[in-house]
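Worksheet: the structure to be examined is printed underneath.
Order of the sequence lines fixes the chain letters, A, B, ..., with proteins taken first and strands second; residue numbering starts at 1 for each chain.
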Amino acid sequence: MNRVNFKGNNMDDKEIIDLFFGRDEKALEYTAQKYDSYCYAVAQKILGSEEDAKECVNDVLLAAWDTIPPNRPEKLSLYLGKIAKNISVNKLRAINAKKRGADMIKVCLDELVEVVPSSDDPTALLETEELSRAIERGLKTLSATNRRIFISRYYYLESIGEIASRLGMNENQVKLRLSRTREKLRKYLRKEGLTDE
Amino acid sequence: MNKKQYAKQIYTALENIDSELLYDARAYHAPKILPYLRYAIAAVIVLCVLSAALILSAENAVRSYITVDTNYGVTLEMNADNTVIKAASIAPLYEKAAESCRKLSVGDAVEQLIAAMGERGGLSENTNTVLFGATSENQEIADALIGSVAAEDSCILRVTITDEAAADKLAKKRRITMGKAALLLSMQEAENGINENRLFRLTANDIALLTQKHGIAAENVTVSGEPLDGGYLTEKQVRQIALKDANISPENIVIELDSDGFQLIYTVLLYEGDKGVAYVISAQTGEIQRVIHAAVTTLRDQLDRVREEFGTISDSTPVSYDDSPTPAPATEAPVDDRTATEIISPTDGERLTPTDQDKTMNNDSATATVAPTESGVTQPSTEASTSPDSYLIAEKWDELPPLDDIQTLQYEYAIGWIEKFDTQPYQGYMIRNTRELQQYIDDYPEKEPQMRDYFIESFADLSLVVVNTEENYTGDYLNSVYFFRRGDTLYVGVFERTSQTRGDLLKTPRNVQQHLYVYQKDIIGVKEIKTVQLTYEDVFGSELEKLYVSPNAPNNTLCTSTWSDNVPEDTFTTRYMVNVNLREFNQTLEETYPMDVNFQNKNRYDHTAALIRSAVELRRYRQVIDKTISDLPYPSNSYMEDHAILMTTYIERYSIPSYYITAWKRNGVLYVGFTDESSGGQVRNFISPTHVRVGMIELTKEQVRDVDRIEIVHLTRKEGRTGSAFALADPW
């Protein structure tokens with residue numbers, strides 16, 4: 001994507017969005033000029049790799065083009081930032097899954113079995129969307145540290161050592177917190193009626 | 001959907017959660033130490049190394065304490081650097097976790113302990129409370145620790161140990177942590193009428209519940225968060241229990257949560273006119289422990305007098321078990337020296353004929369089998385028939401009076417809550433509930449390692465009788481133990497096998513303890529336990545069958561026995577009732593073969609059958625059969641609430657299959673038929689058995705309610721194959 005026109009930096013978000021709605025490709029140009037660095041920073045924080053982050057930024061612009069319209073965001077920075085986060089987190093998960101291989105996923109899945117609440121009610125059903133919302137609510141009840149550890153492990157497939165290093169803890173602490181968090185989530189899901197039957 | 005599929009779904013579902021959460025998790029990095037600070041740290045390390053000799057001597061000096069309690073607790077002793085130099089727990093459950101805390105930082109140690117307590121049941125769905133105790137200089141550390149381990153739904157009781165000496169003294173006396181001791185001392189000071197006697201056995205959760213309920217504001221104690229309800233009955237439920245029993249319409253009801261020293265209880269006062277009734281009710285089970293009728297004006301005082309007795313143990317009574325034999329009681333109590341044989345009179349029914357050797361053996365030992373009590377002779381209850389043959393007949397449990405005051409025991413060695421019976425030659429304990437079991441484990445951790453599993457598993461409705469008996473080197477019990485009850489006396493009958501049945505295997509007998517389970521509701525009202533030595537005739541005579549196999553007995557009839565009774569050579573039909581199919585056959589039985597549980601018997605068909613009607617019996621069965629057969633699938637305890645299982649075993653020789661097993665019922669007799677499917681239905685007498693096979697047939701309790709006894713039958717192929725009951729039999 002060429003970014004030589006500096007006009008975008010001075011444009012109002014509303015004007016840029018109007019260009020999106022007019023399907024004028026200049027919308028992308030001005031968006032890139034204004035928010036490229038920002039999106040790059042967001043992606044880089046997750047992905048850690050310059051190359052992956054740049055690729056992510058391109059994906060962000062494309063996603064913006066595909067979704068505006070019909071969306072008309074009030075604040076473009078927030079909107080783009082959200083897309084950047086979504087794309088970068090998904091990308092990292094895919095990268096890690098590929099890099100670490102099926103073994104790591106299997107290990108994580110084996111651990112996640114502990115989160116599965118057993119059912120006394122065989123009629124309880126399981127819907128993915130419902131499960132996502134429940135997990136989200138459950139995660140929000142946790143402390144920030146425990147939530148970060150859980151997500152780092154089971155979403156990003158990070159090793160215990162990596163998590164410990166990044167969060168400034170020792171591995172034992174990470175393991176303990178993970179174990180407790182799994183138990184808490186298990187209880188939470190059970191309380192929500194989302195059981196394994 | 002199985003758990004793995006569900007786990008995968010969770011993994012997938014994480015993709016759809018709020019990306020802000022996902023982003024934050026990855027974006028966060030703990031602040032790193034700036035480069036130049038590394039040098040500063042290195043310098044400090046060098047200094048530390050240079051001062052190593054001086055520091056080493058100070059390092060091991062205990063500077064402070066932190067205690068962590070859920071039910072039992074752990075005491076951490078730290079040095080000046082807040083490194084754990086010693087960690088101790090009286091609870092074997094936490095011993096290992098405590099030991100592994102040594103040399104850890106206090107933060108890591110506490111996290112580890114909390115995790116262990118969560119795993120071991122100290123924290124659970126019903127209990128969320130942790131009691132932290134810290135000596136004064138450790139308050140900041142305690143703050144930090146609590147912050148790091150407290151979950152959003154935790155309840156934290158926090159106590160500052162200001163008087164270490166007093167706390168230490170009480171802690172040693174009551175075998176609790178200093179933190180708990182300090183808490184109890186503070187509560188005693190804050191509230192008149194509280195005695196630590198009634199609190200020291202309680203869990204942190206229970207103490208928090210009481211504190212909250214009564215608004216106790218003890219100095220140096222803070223409570224944050226809400227304790228969980230402990231899975232206890234609600235006030236509403238307890239009110240209904242009391243009202244139902246009292247059968248009155250009171251004008252006023254007062255319900256209070258309290259402790260009887262061992263568990264949480266409710267006291268319920270009902271006022272009607274000028275009369276009142278007070279109840280003491282277990283908060284856990286709803287069992288009515290005490291009923292007091294009195295005038296309104298005196299009811300509260302009378303209840304308070306009862307409450308004064310709560311939890312009382314004489315300070316001179318050590319909380320330990322004394323192995324020494326019971327000295328003869330000083331009182332001149334008349335002795336009931338009838339043997340059990342005399343007590344049970346023969347019936348008109350068929351009796352087995354013991355061998356002469358059996359008779360000699362048993363008669364020699366069957367003297368003075370009923371021990372005198374400390375306070376008086378044991379009399380049959382007044383409503384019993386005066387004829388001896390009804391003396392030991394089991395009664396229906398729901399007709400028994402409610403538990404009165406089981407702490408008042410008639411044994412010399414009643415230790416706290418654990419009842420011990422000590423009638424020569426057999427000794428043992430009755431352990432009535434989880435707390436007593438924990439105390440027993442605490443006192444004898446080396447003796448009962450397997451108890452820990454029982455502790456964690458469901459012990460809510462079971463009690464345990466531990467009897468000291470013997471076993472031979474193959475692990476077979478040499479004594480069979482039976483329970484039966486009359487009035488408020490529980491008899492533990494022990495049958496010593498004859499030399500014939502003990503056989504030459506009796507090389508190196510060793511003392512063992514048999515663990516036998518009874519339902520707690522079946523021992524309601526028991527005030528004393530006696531051992532009775534049983535003779536051959538007692539055990540194999542039809543009278544004993546009545547003792548625990550009553551045609552109309554409910555499924556919780558108190559009857560236990562070790563399953564591996566060594567049945568003598570004579571023809572004998574099993575005493576056990578088996579659950580099984582409902583079909584009735586009109587076939588004529590061609591042969592009746594005896595049950596023989598001795599797997600080493602070479603010239604028998606070695607078929608066995610047992611009816612397992614409850615979780616208690618299933619557990620008992622497992623104790624024996626698991627020695628022989630591994631990897632046997634067993635139903636769950638909850639399944640056993642509505643079902644019963646026919647367990648059959650037979651010997652498979654040279655891996656040749658084997659038998660069809662069918663069962664049918666006729667006139668209260670349950671027949672278990674083995675059809676030999678090998679070589680045209682002829683039963684072969686092989687020399688060397690290879691291994692034991694097991695068959696399981698599942699039935700409902702309803703199906704076997706009217707079964708009196710079972711018989712094992714050998715069917716020919718023709719008989720077996722024309723039967724329509726094979727749907728219930730698994731061919732092997």
Side-chain angles (χ1 to χ4, degrees), chain A residues 42 45-46 82 85-86 88-90 92-93 105 108-118 126 128-129 131-136 139-152 154-156 158 165-170 172-173 176-177 179-180 183-185 187 189 195-197, chain B residues 1-33 97 100-101 103-105 107-119 121 123-126 128 145 147-154 228 636 638:
Chain A
V42 167
K45 216 169 182 183
I46 297 293
K82 185 99 179 154
K85 287 175 185 174
N86 283 347
S88 56
V89 299
N90 289 342
L92 180 61
R93 192 180 214 202
I105 297 177
C108 289
L109 285 177
D110 285 344
E111 289 174 13
L112 277 177
V113 165
E114 290 178 33
V115 178
V116 176
S118 296
L126 191 61
T128 307
E129 177 62 27
L131 184 60
S132 295
R133 297 286 76 76
I135 291 173
E136 191 179 297
L139 288 173
K140 284 178 178 171
T141 66
L142 304 175
S143 67
T145 305
N146 287 344
R147 185 168 54 243
R148 284 172 189 143
I149 291 174
F150 185 89
I151 292 173
S152 296
Y154 300 117
Y155 182 80
Y156 292 112
E158 288 187 345
S165 172
R166 184 160 56 79
L167 299 185
M169 304 167 83
N170 67 49
N172 202 36
Q173 285 174 312
L176 276 172
R177 282 176 181 265
S179 170
R180 288 172 65 197
E183 175 61 21
K184 280 189 179 203
L185 274 178
K187 285 180 183 167
L189 291 177
T195 52
D196 66 342
E197 290 291 350
Chain B
M1 178 179 293
N2 66 31
K3 280 188 183 251
K4 283 206 167 144
Q5 288 172 316
Y6 195 116
K8 197 161 182 199
Q9 200 143 359
I10 293 175
Y11 175 79
T12 309
L14 283 170
E15 289 170 7
N16 296 325
I17 66 171
D18 186 354
S19 59
E20 292 295 334
L21 297 180
L22 299 175
Y23 185 82
D24 170 76
R26 175 68 184 157
Y28 179 84
H29 287 76
K32 291 196 190 304
I33 300 172
S100 62
C101 285
K103 298 190 183 172
L104 292 184
S105 71
D108 285 349
V110 168
E111 278 222 36
Q112 199 160 285
L113 290 174
I114 296 289
M117 287 172 178
E119 282 166 23
L123 295 168
S124 68
E125 280 179 356
N126 292 325
N128 67 337
L145 287 175
S148 72
V149 302
E152 286 76 2
D153 56 352
S154 298
L228 290 177
S636 66
S638 58

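If you measure heavy-atom distances from A:Y156 to chain B, the contacts under 4.5 Å come from the side chain alone. If you measure heavy-atom distances from A:V113 to chain B, the contacts under 4.5 Å come from both the backbone and the side chain. Heavy-atom distances place the side chain of A:L139, and not its backbone, under 4.5 Å from chain B. Contact of A:L185 with chain B is not made at all, since no heavy-atom distance falls under 4.5 Å.
Contacts of A:K82 classified as side-chain hydrogen bond (donor to acceptor under 3.5 Å, both in side chains), with partners at least two apart in sequence or in another chain: B:D18, B:S19. Not counting sequence neighbours, the partners of A:R93 by the side-chain hydrogen bond (donor to acceptor under 3.5 Å, both in side chains) test are B:E15.
Closest approach of B:A7 and A:V116 over heavy atoms only: N-CG2, 3.9 Å. The heavy-atom pair separating A:E136 from B:L21 by the smallest distance is CG-CD1, 3.9 Å. A:S132 approaches B:A13 most closely through the heavy-atom pair OG-O, 2.9 Å.
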| Could you walk me through whether A:N172 and B:D108 pass the side-chain hydrogen bond (donor to acceptor under 3.5 Å, both in side chains) check? | CA-CA 8 Å; A:N172 202 36; B:D108 285 349; 5.7 Å; no

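Taking 4.5 Å as the limit, some side-chain heavy atom of B:Y23 sits within range of a side-chain heavy atom of A:V42.
When each of A:Y155, A:Y154, A:F150 is scored by its heavy-atom pairs under 4.5 Å with chain B, the top score falls to A:Y155. Per-residue heavy-atom pair counts under 4.5 Å with chain B were compared for A:N86, A:N90, A:T145, A:I149, and the maximum is reached by A:N86.
One finds the CD1 atom of A:I151 at 7.5 Å from the CG atom of B:D24 (value rounded to the nearest 0.5 Å). With rounding to the nearest 0.5 angstrom, the CD atom of A:E158 is 4.5 Å from the CZ atom of B:R26. How far CG of A:L109 is from CD of B:Q9: 12.0 Å, rounded to the nearest 0.5 Å. Atom-to-atom distance recorded for B:I10:CD1 and A:E114:CD is 11.0 Å, nearest 0.5 angstrom.
Under the 3.5 Å distance criterion, the side-chain polar atoms of A:R147 are left unmatched by any main-chain donor or acceptor of B:L22. In this structure a side-chain-to-backbone donor-acceptor pair under 3.5 Å is present from A:R133 to B:N16.
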